[in-house]
Structures are given as structure tokens and as C-alpha cells.
Amino acid sequence: MIKRTQNRVAESRFTLTAVVAYAIAVWIASGLLIPAVPITTAELLQGAWVQFACFLISAYLMVELNNSNALIRIYSRTVSCSFIVLLCAGCFLFSSLGGAIVQLCMVAACIAAFHCYQNKLSMGWTYYTFLCIGLASTVFVQILFYVPLLWSMMFFRLTSLSWRTFFASIVGLLTPYWFAIPVLLYQGSADLLYQHFTALADFQMPFDYRQVTVNELLLFVFVVALGITGTVHYWRQKSADSIRIRMLFGCFTQMWLLTTVFIVLQPQHYDILIRILIINVSPLIAHFLSLTYTRITNIAFYVICSVALLMTLFNLWMPSLNF
């Protein structure tokens, strides 16, 4: 078996360090961390430091997601590296605090959910999974549309759904609101809770892309193309992985396909949904980059890296262009 550039990069212990340094450089170049020069303390405090912290924690949790589940059957950091590079390619997303919080909650939910594999008594991990979803719903209530899919994955793929874990999931979803509701009632702002949940029924005309920018469209097409590439590769090569890993990658595939449909139908939620898409595509394209060894896939590695770099540069120095 010939090891090509893609394999040496995927298996290197320095790849993640290099990618993190690249990400920090992109954040600085975006002007969010240092919004003005000369730098003063007041200007530094105006930076997007909370979003940056969520980004770093999310990247670390992607490392843990890979390590705790052995998603790639060789030593490789490509899962977290793919996640970081794709987010940097969409650096126009950096400024969104709500998006950063939902992104962090979704990665944490994946880690907790996968701990429930084949354990119908895993009420604790199930609670933590849906607690993360509940927290994310306080920022983006439409994330609740993923709950039926999560239950179906618990039943068919993780085989962890029972009456006990089902009720644990309900409690996890409600926990953030047990704290929020008394505060809102005390402040006399109960109508905010009503407005929050009525947003679930707020649908815009499907396929209305007038507000979608060229930058957003390019990133979406790129990530979906990677998702298709990674999924086709995994379907062809999945026999080499254990049944558990096949089930987990089945979860990633279902999530990215459903998220793609959500973005196509309701593009006004692009800012949040593209992050969920990236989280679930990253393991699939990482599997492709780490465990293929042909000349064609090596060329594909160069193409993917080049496109990601060009998109990052384009989004750093070009304004969002409307159709």
C-alpha cells in the first residue's frame, strides 16, 4: 500500500497543530478579535471572543468525538481538522453568537448520544444529549425539529431507546425552560416565551433564495459535495469497520441529508443549519481522506484543500454578494 501526501498529512501528529494555527490566523484576519488598530483594552473587549471560545471548544470536542468512538480506524486528526477548515472556509459565520452556541451544543450532543450505544438504561447520557438540544433551542427553537430524528436514531441505530431513556430525553429538553420560565415570569416577560415557541410555526415560502448570498451558496455547494463524496466512499468501504462505527456513520449521513433538505426548504435559517451540516459532513470526508490511497483520491485531496483555501480567502476579503 503506497502512502501518498493525503495519508501522510492525515496521519501526522502535527496536522492538528498546523490547522489550529491556520484557524487562529483566519480569525485574526477576519478582524473580529482585533476590531481596531491601534489596539486598546476597550477595543479588544469589543471582539468576538465568546464566539472564538465556542469555536475552540467545539474543535476540541470534535477531537473527543473521534477519540472516544474511534471513528477513523487509524491514528488521524482529520475529523477535527476537516471541521476547522470547513468553518474557516465560511468565516462570514464567525460573528454569529447564536450560531456558535448551537454549534457547540450540537457537538456536545453527539458525544453524549454516542455514549448511549446499545444501552437502554443510559438515562444519564440521554439526559445530557437532550439537555444540549434544549439549551440550543433557547437560541434556535427550530432545532426541536431534529428531536424526532434523534429518537428514531436512538431506536434504529443506537438501539438505546426505551421508556426510561425516552422520558430522560423529555426531561433534558425541558430543563433549560424550568430555569428560564420563573425568570421570565418574575420579569413580567411571559409573552417572550410564547413568541419563542410560535416561531416553530413560522415558515417562509420554500425555495425563496433572494436573501442567500453568493458566499453562502458557494459554501453550501462545497460542503454538500464533500458530503456526497464521503457518503459514497463510506457505503463502498463500510465493511472494513465494526457494526458500531457503521451505525454512527449512519447517524452522520441521516443528519447531513436532513439538514440539507432543511436548508433548501427554509434558507432563512442558513446561518445555524450550515454549522450542523459541517459537523456531520466532517467525519465522512475525514474517513475518505484518511483511508483512501489511490492517485485519484490524492488529487482530490489537493483539490479539496485548494478550494477550501480559496473560499477562505474569498470570504475574508470580499463582501457578501447578493444574487
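We're numbering straight along the sequence, starting at 1. What you see is a predicted model, and the numbers here were worked out from it, not measured in a lab.
Using a cut-off of 4.0 Å between Lys/Arg side-chain N and Asp/Glu carboxylate O, E11 and R77 are scored as not salt-bridged.
I74 places none of its side-chain heavy atoms less than 4.5 Å from the side chain of N7. For the pair S122/T165, a side-chain contact is recorded, criterion being any heavy-atom separation below 4.5 Å from C-beta on. Side-chain contact check for L284 versus N280: every heavy-atom pair is 4.5 Å or farther apart. When side chains are defined from C-beta on, Q237 does not count as touching L291, because their heavy atoms never get closer than 4.5 Å. L173 is listed as a side-chain neighbour of L144, based on a closest heavy-atom distance under 4.5 Å. In this structure, the side chains of V102 and R275 stay at 4.5 Å or more apart for every pair of heavy atoms. For the pair F83 and Q103, the minimum side-chain heavy-atom distance is below 4.5 Å. With a 4.5 Å cut-off on side-chain heavy atoms, T213 and L217 do not count as touching.
Shortest non-hydrogen contact noted between L200 and F145 is O-CZ, 3.3 Å. When all heavy atoms of C54 and S58 are compared, the pair lying nearest together is O-OG, 2.7 Å. Scanning all heavy atoms of the two residues, the minimum distance from P283 to L71 falls at CB-CD1, 4.4 Å. The nearest pair of heavy atoms linking N66 to S76 is ND2-O, 3.0 Å. Scanning both residues, L219 and G90, for their nearest heavy atoms gives CD2-CA, 3.6 Å. Smallest separation of non-hydrogen atoms from V19 and C81: CG2-SG, 3.8 Å.
Neither side chain, T253 nor Y234, offers a donor N or O lying under 3.5 Å from an acceptor on the other. R244 and Q118 form no side-chain donor-acceptor contact under 3.5 Å, judged by distance and modelled atom types alone. Side-chain N/O atoms of Q51 and S96 include no donor and acceptor closer than 3.5 Å. In the model, T297 has a side-chain atom that pairs as donor or acceptor with a side-chain atom of T294 under 3.5 Å.
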### Query
side-chain contact (heavy atoms from CB on, under 4.5 Å) between I245 and K238: does it pass, once the steps are laid out?
CA-CA 9 Å; I245 297 303; K238 64 182 181 180; over 6 Å; no
### Task
For side-chain contact (heavy atoms from CB on, under 4.5 Å), just list the numbers for S95 and L32, CA-CA rounded to whole Å, side-chain angles, deciding distance to a tenth of an Å, and then say yes or no.
CA-CA 7 Å; S95 60; L32 292 173; 4.2 Å; yes
### Query
Does the pair Y293 and N298 meet the rule for a side chain to side chain donor-acceptor pair (under 3.5 Å), with working shown?
CA-CA 7 Å; Y293 302 90; N298 196 55; over 6 Å; no
### Query
Are F166 and M154 close enough, and set up right, to give a side-chain contact (heavy atoms from CB on, under 4.5 Å), and what steps lead you there?
CA-CA 9 Å; F166 176 76; M154 288 173 62; over 6 Å; no
### Message
Could you walk me through whether T5 and Y302 satisfy the side chain to side chain donor-acceptor pair (under 3.5 Å) test, starting with their C-alpha distance in whole Å, then the side-chain angles of each, then the deciding distance to 0.1 Å, before giving a yes or no?
### Response
CA-CA 9 Å; T5 303; Y302 284 118; 2.9 Å; yes
### Task
May I have the step-by-step check of side-chain contact (heavy atoms from CB on, under 4.5 Å) for S30 and L316, ending in yes or no?
CA-CA 6 Å; S30 70; L316 279 175; 3.9 Å; yes
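Counted within 6.0 Å of CZ on R73, heavy atoms from surrounding residues, nucleotides or ligands total more than 12; the atom is thus considered enclosed. Other residues, nucleotides and ligands contribute over 12 non-hydrogen atoms within 6.0 Å of the CZ atom of F203. The environment of R295 atom CZ is sparse: at most 12 non-hydrogen atoms of other residues, nucleotides or ligands sit within 6.0 angstrom. Enclosure of atom OH in Y128 is not indicated, since only 12 or fewer non-hydrogen atoms of other residues, nucleotides or ligands lie within 6.0 angstrom. The local environment of OH in Y75 is crowded, with over 12 non-hydrogen atoms from other residues, nucleotides or ligands closer than 6.0 Å.
N119 places no side-chain N or O within 3.5 Å of a backbone atom of C116 that could act as its donor or acceptor partner. S162 places a side-chain N or O within donor-acceptor distance of the main-chain N or O of K120, the cut-off being under 3.5 Å. A side-chain donor-acceptor contact under 3.5 Å links S82 to the backbone of T78. Formation of a donor-acceptor pair under 3.5 Å by the N215 side chain with backbone atoms of M311 is not found in this model. Looking at Y270, its side chain does come within 3.5 Å of a backbone N or O of E216 through a donor-acceptor pair. Formation of a donor-acceptor pair under 3.5 Å by the S80 side chain with backbone atoms of M62 is not found in this model. Judged by distance alone, with hydrogens and angles left aside, the side-chain atoms of H196 form no donor-acceptor pair with the main-chain N or O of F140 at under 3.5 Å. Remark: side-chain polar atoms of R157 are not paired, donor with acceptor, to backbone N or O of F249 under 3.5 angstrom. T229 places a side-chain N or O within 3.5 Å of a backbone atom of A225 that can act as its donor or acceptor partner. Between the side chain of R246 and the backbone N or O of D241 there is at least one donor-acceptor pair closer than 3.5 Å.
For the atom pair CG of L135 and CE of M106, the computed distance is 12.5 Å after rounding to the nearest 0.5 Å. Separation of atoms OG (S290) and CZ (F301) is listed at 9.5 Å; rounding is to 0.5 Å. We find the CZ-CD1 distance between F220 and I278 to be 11.5 Å, quoted to the nearest 0.5 Å. For the atom pair S169 OG and L131 CG, the distance stands at 12.0 Å (nearest 0.5 Å). With rounding to the nearest 0.5 Å, the separation of OG1 in T159 from OH in Y117 is 5.5 Å. Taking CD1 of I285 as the start and CG of L86 as the end, the distance is 8.5 Å to the nearest 0.5 Å.
Cluster annotation: W178 and V139 are assigned to the same hydrophobic cluster (Ile/Leu/Val/Met/Phe/Trp/Tyr, side-chain heavy-atom contacts under 4.5 Å, transitive). Follow the hydrophobic side-chain contacts under 4.5 Å out from I304 and you never reach L310; the two are in separate clusters. Both F94 and V50 belong to a common hydrophobic cluster when Ile, Leu, Val, Met, Phe, Trp and Tyr are linked at side-chain heavy-atom distances under 4.5 angstrom. One hydrophobic cluster, built from ILVMFWY side chains closer than 4.5 Å, cannot hold both F14 and L16; they sit in different ones. There is no path of hydrophobic side-chain contacts, each under 4.5 Å, that joins I296 to V9.
The distance between the ring centers of F55 and Y60 does not fall below 6.0 angstrom. With ring centers used as reference points, H269 lies 6.0 Å or more from F262. Taking the six-membered ring where the residue is Trp, the centroids of F197 and Y177 are separated by under 6.0 Å.
Using cut-offs of 30° and 60° for the angle between ring planes, the W125 and H115 rings count as parallel.
Considering Y22, F52, W49 as possible partners of W27, the one that fulfils the ring-ring contact (aromatic ring centres under 6.0 Å, His included) test is F52. For the pairing with W256, the side chain to side chain contact (heavy atoms under 4.5 Å, CB included) check across I228, I279, L226, V261 returns one residue only, I228.
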